[in-house]
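In each ligand, atom 1 is the first atom listed, and ligand 1 is the first ligand listed.
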Amino acid sequence: MREIQLNLTPFKKLISLDSVSSTMDIVFKMSRLGERFFVVSAEEQWAGKGKGNRRWYSDRFSLSFSIAIDGKFLYRQSLLSILAGVIVKKGIVSYLGIPIELKWPNDIVFKGKKLGGILGENWNEFIIIGIGINVNNLEFPCYLESAISLRQIQGREIDKVELLKSIIKEFSLDFNLFAEGNDILIKEWKKSCTTIGERVKFKSYNNIKEGIVTDIANDGALLVSLSDGRRKKIYSSDELVTER
Ligand code: BTN
């Protein structure tokens, strides 16, 4: 275990671990004991968590970390992973300068391929944001056919620690915007979002319906316009049948 002091207000320290079940679990336990504003990263997770209770694949080539924030600092909690996505994107772009896109609700993508994901957990008193990025991976399990890594994009090895610092720095710089759910970040999210304007299929009772994504609502839901002029709100990616 290594503990590094961070001068990135409000974040105080980075704890870097070797092998853990999930950085979400470690941050949860520490937050329950009253710690706030710290980051935990791990070289390896043997029970990484993805959205919708799915397993998250990561290995030593991936960047896996979670951030703890005090619950009272997030005004619009439903926008948690959406706003975090904008900040993570800024961190990647400012370190590597590559054009990253965001896919609703919390995927980090490059040319339609999944580069990483964000998992927001709101425990009221504290909030945990988990971030997983494919960094130096050269191959993935066959079920992850649409995954891509930064190394595959850049054609060279990437310094994971510098990338992590760049993302935390953006969290620090934009913390007030993030905490207030500020429109600036929402506008930035819309600019980078590949989902707006797409035709999507979604489950509606026993039917599959189709519509065009027109916007994101104030509560973070996707707004879909149906052919009969009605609008439908979609809250979870699990409601979508084909997302692109
Ligand atoms: C997704 O399903 O797209 C979200 C994936 C989030 C993965 C990260 S890796 C670091 C943190 N620890 C976990 O177990 N999950 C998150």
- Query: Should the pair Lys203-Glu239 be classified as a salt bridge under the 4.0 Å nitrogen-to-oxygen rule?
  - Reply: no

- side-chain contact (heavy atoms from CB on, under 4.5 Å) filter on Asp219, not counting sequence neighbours, yields Ser78, Ala217, Ala221, Lys233, Tyr235

- Give a yes or no on whether Phe11 and Ile118 share a hydrophobic cluster (residues Ile, Leu, Val, Met, Phe, Trp, Tyr; joining criterion: side-chain heavy atoms under 4.5 Å apart). yes

- Item | Non-hydrogen side-chain atoms of Lys114 and Lys103 separated by less than 4.5 Å | no

- Query: What residue and atom, counting heavy atoms only, is the protein's closest point to atom 5 (C) of ligand 1, and at what distance?
  - Reply: Trp56 CE3, 3.4 Å

- Please tell me if the side chains of Phe61 and Val135 come closer than 4.5 Å, counting only heavy atoms from C-beta onward. no

- Message: With heavy-atom distances below 4.0 Å as the criterion, list the atoms of ligand 1 near Ile118.
- Response: 4 (C)

- Message: Distance under 4.0 Å to a non-hydrogen atom of Gly48: what atoms of ligand 1 satisfy this?
- Response: 14 (O)

- Can you sort out which atoms of ligand 1 are near Ser66, meaning under 4.0 Å from one of its heavy atoms? 11 (C)

- Task: Please identify which atoms of ligand 1 are closer than 4.0 Å to at least one heavy atom of Lys114.
- Result: 1 (C), 3 (O)

- atom 12 (N) of ligand 1 has as its nearest protein heavy atom Gln45 OE1, 2.8 Å

- For ligand 1, which atoms, with element, lie under 4.0 Å from some heavy atom of Thr23? 10 (C), 11 (C), 12 (N)

- Query: Taking the six-membered ring for Trp, are Phe37 and Phe126 ring centroids under 6.0 Å apart?
  - Reply: no

- Item | Ligand-side contact atoms (ligand 1) for residue partner Lys49, heavy atom cut-off under 4.0 Å | 5 (C), 6 (C), 7 (C), 13 (C), 14 (O), 15 (N), 16 (C)

- Please determine if Ser64 has a nitrogen or oxygen closer than 3.5 Å to a nitrogen or oxygen of ligand 1. no

- Under a 4.0 Å heavy-atom limit, does Arg54 contact ligand 1 with its side chain, its backbone, both, or neither? neither

- Neighbour count above 12 (heavy atom, 6.0 Å) for Arg156 CZ: yes

- Task: Please identify which atoms of ligand 1 are closer than 4.0 Å to at least one heavy atom of Lys51.
- Result: 1 (C), 2 (O), 4 (C)

- Is there any N or O on Ser22 that sits under 3.5 Å from an N or O of ligand 1? yes

- Item | Within one Ile-Leu-Val-Met-Phe-Trp-Tyr cluster: Trp189 and Ile133, side-chain cutoff 4.5 Å | yes

- Task: Under 4.0 Å from a heavy atom of Phe65: give me the atoms of ligand 1 that qualify, with their elements.
- Result: 10 (C), 11 (C)

- Message: Quick test of your reading of the model: are Lys209 and Asp228 salt-bridged, counting only N-O distances below 4.0 Å?
- Response: no

- Query: ligand 1 and Asn106, any nitrogen or oxygen pair closer than 3.5 angstrom?
  - Reply: no

